[in-house]
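Note that this is a predicted model, so its numbers are computed, not measured.
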Amino acid sequence: MANQAQTGQGTQQTPPPIPGGASYYVAIDGQQSGPHNKAGLTDLAAKQVLTRERLVWEQGLSDWVPSGGQADLQDLWTITPPPLPKQRG
């Protein structure tokens, strides 16, 4: 047991991020909003609050950047709603 305790000392590592669990902060009207997960960002984009020009920040970035330049947010700009149902009549 002593070996187990010794090998665990000083080697704690941060676990990898959860897939899809990235959190972004969004600059809205001069205020920091968030953190927002991908579902929250999708909702903001659908409401046209989050645009390509809106500034965002996530851990690892040195500064706020336009959301349109973030590779992992590109699908927010290509979301297409399904076709409308056919009308009867």
Are any of the side-chain heavy atoms of Leu73 and Arg52 separated by less than 4.5 Å? no

Are any side-chain N or O atoms of Ser67 and backbone N or O atoms of Thr51, one a donor and one an acceptor, separated by less than 3.5 Å? yes

Distance, nearest 0.5 Å, that separates CG of Asp43 from NE2 of His36: 9.5 Å

Could you go through the side chain to side chain contact (heavy atoms under 4.5 Å, CB included) check for Val65 and Leu55 one step at a time? CA-CA 5 Å; Val65 297; Leu55 296 177; 5.6 Å; no

Please check this pair: side chain of Glu58 against backbone of Tyr25, looking for a donor-acceptor N/O pair closer than 3.5 Å. no

Do the side chains of Leu44 and Tyr24 get nearer than 4.5 Å, heavy atoms only? no

If you take all heavy atoms of Asp72 and Asp75, which pair is closest and at what distance? O-OD1, 3.7 Å

In this structure, CG of Leu61 is separated from CD of Gln70 (nearest 0.5 Å) by 5.0 Å

Sub-3.5 Å donor-acceptor pair from the side chain of Asn37 to the main-chain atoms of Ala39, do we have one? yes

Using a 4.5 Å cut-off on heavy atoms from C-beta on, say whether the side chain of Trp77 contacts that of Leu50. yes

For Ala27, is there any backbone N or O sitting under 3.5 Å from a side-chain donor or acceptor partner on Arg54? yes

